[in-house]
Amino acid sequence: MQSLRSCSARGLILSSAFRSQRSLRISWPRRAGTTGGAASGGGTTNTATVGFGALQKLREWHSNAFSSRFLLFTNVGISLTLSCVGDVLEQHLEIYCGEIERFESTRTAHMAISGVTVGVICHYWYKMLDKRLPGRSMRVVAKKIVLDQLICSPIYISAFFVTLGLLERKDKHEVWEEIKEKAWKLYAAEWTVWPVAQFVNFYWIPTHYRIFYDNIISLGYDVLTSKVKHKQSHSHLKKIP
């Protein structure tokens, strides 16, 4: 009986050992495949992590740039950049049409600086409007549009010519004559473009995005501004023999 029990015990041990060895052989390729899949998944995860990190940094930059702490610098930077771009486009158009012979970097630099002046004025103007006239009702929006056209537009058009006059070292009489001759053209263009554009601005756009919206809309207007400013005056043309 003992021998039978020992034989059966040996048989059970050998049988279990054989099954375990077989299971190891069968499961080995699966484990290798699983490891490869994990490595592949790890590469995808790393790529996703890098993309998420870049997106997170972009969101942080956007949050800081348009926060109340840095909004003035952001608005000035936007106005400077797009005033510069507007003049570059206008100069290349004038070169193409044969109106000027070469590109003038000083002119572009002056236009960019004038964008700084306009950016500062519009930044505080929009803040003041929203403080004095809160809300987005049709009546409030209509008041803002009228005030913007009657007060802010003449101020920043005048500031534009005064800034460039100082940069070009003109005396006050020359600046005043230039304002009288050219400012009305820009102001007339204002009435054809900005009432509708400012309705969208005051009704839908949050305050901290207003100058960004303004400058996107006014890129074409910046081209016109550069053209009007640098077009030779009639009085100057009469002096040429």
Side-chain angles (χ1 to χ4, degrees), residues 65-66 71-91 93-94 107-108 110-165 175-176 178-231 233:
F66 288 94
L71 186 59
L72 174 61
F73 299 101
T74 302
N75 287 339
V76 168
I78 290 170
S79 296
L80 182 152
T81 301
L82 291 185
S83 293
C84 179
V85 171
D87 182 70
V88 169
L89 293 175
E90 171 58 25
Q91 284 204 58
L93 180 61
E94 291 175 11
R107 165 178 160 176
T108 300
H110 288 175
M111 290 295 294
I113 294 171
S114 73
V116 173
T117 304
V118 172
V120 172
I121 291 173
C122 290
H123 172 83
Y124 288 107
W125 170 252
Y126 285 141
K127 287 186 67 175
M128 187 274 292
L129 270 186
D130 285 341
K131 185 177 180 180
R132 297 293 180 88
L133 295 170
R136 297 175 183 268
S137 67
M138 289 296 178
R139 185 175 182 180
V140 168
V141 170
K143 286 182 179 179
K144 286 182 177 180
I145 292 172
V146 172
L147 291 173
D148 188 70
Q149 290 299 112
L150 295 180
I151 298 176
C152 187
S153 290
I155 289 175
Y156 86 71
I157 290 174
S158 300
F160 166 76
F161 282 106
V162 170
T163 301
L164 288 177
V175 173
W176 176 241
E178 188 173 38
I179 289 174
K180 288 195 298 182
E181 182 179 354
K182 299 177 179 179
W184 68 269
K185 297 177 183 179
L186 297 181
Y187 190 57
E190 286 261 330
W191 280 98
T192 63
V193 175
W194 287 108
V196 175
Q198 292 294 56
F199 174 81
V200 175
N201 201 2
F202 293 130
Y203 191 76
W204 278 294
I205 306 298
T207 305
H208 53 284
Y209 291 130
R210 292 224 170 116
I211 290 182
F212 178 72
Y213 166 83
D214 259 8
N215 280 275
I216 295 298
I217 297 297
S218 69
L219 184 57
Y221 184 78
D222 289 337
V223 174
L224 174 66
T225 300
S226 177
K227 184 177 182 65
V228 171
K229 169 65 182 73
H230 296 98
K231 187 176 181 180
S233 63

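In this structure, Y213 has its ring center no closer than 6.0 Å to that of Y209.
Residues F199 and M138 form a side-chain contact, since some pair of their non-hydrogen atoms from C-beta on lies under 4.5 Å apart. Between F202 and I145 there is a side-chain heavy-atom pair separated by less than 4.5 Å. In this structure, H123 and K127 have side chains that are in contact, with non-hydrogen atoms separated by less than 4.5 Å. Annotation: side chain of I211 is in contact with side chain of S79 (closest heavy-atom distance under 4.5 Å). You'll find the side chain of L164 reaches within 4.5 Å of the side chain of M111, heavy atoms only.
With rounding to the nearest 0.5 angstrom, the CD atom of Q198 is 8.5 Å from the CZ atom of R210. The distance from the CH2 atom of W204 to the CZ atom of R136 is 10.5 Å, given to the nearest 0.5 Å. To the nearest 0.5 Å, the span separating CZ on F160 from NZ on K182 amounts to 9.0 Å. For the atom pair N215 CG and I78 CD1, the distance stands at 6.5 Å (nearest 0.5 Å). Rounding to the nearest 0.5 angstrom, the gap separating the CD1 atom in I217 from the CG atom in N201 is 8.5 Å. Atoms CD1 and CZ, on I179 and F161 in that order, are 7.0 Å from each other to the nearest 0.5 Å.
For W125, the CH2 atom sits in a packed shell: over 12 heavy atoms of surrounding residues, nucleotides or ligands are nearer than 6.0 Å.
Listed here is the closest heavy atom pair of A159 and T117: CB-CG2, 3.9 Å. The two residues T108 and C84 have their closest heavy-atom pair at CG2-SG, 3.3 Å.
A donor-acceptor contact closer than 3.5 angstrom is absent between the side chains of S114 and T163. For the residue pair Y156 and E190, a side-chain donor N or O sits within less than 3.5 Å of a side-chain acceptor on the partner. Side-chain polar atoms of D214 and W194 form no donor-acceptor pair below 3.5 angstrom.
Between W191 and Y187, the ring planes are perpendicular. Angles over 60° get that label, and only those under 30° would be called parallel.
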Report task. Run the numbers on F212 and T74 for side chain to side chain contact (heavy atoms under 4.5 Å, CB included), then give the verdict. Result -> CA-CA 9 Å; F212 178 72; T74 302; over 6 Å; no
Query raised in the report: Run the side chain to side chain contact (heavy atoms under 4.5 Å, CB included) check on N75 and Y126 step by step: do they pass?
Result: CA-CA 11 Å; N75 287 339; Y126 285 141; over 6 Å; no
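A donor-acceptor distance shorter than 3.5 angstrom exists from the side chain of K144 to the backbone of L133, with no hydrogens or angles considered. Under the 3.5 Å distance criterion, the side-chain polar atoms of S83 are left unmatched by any main-chain donor or acceptor of L80.
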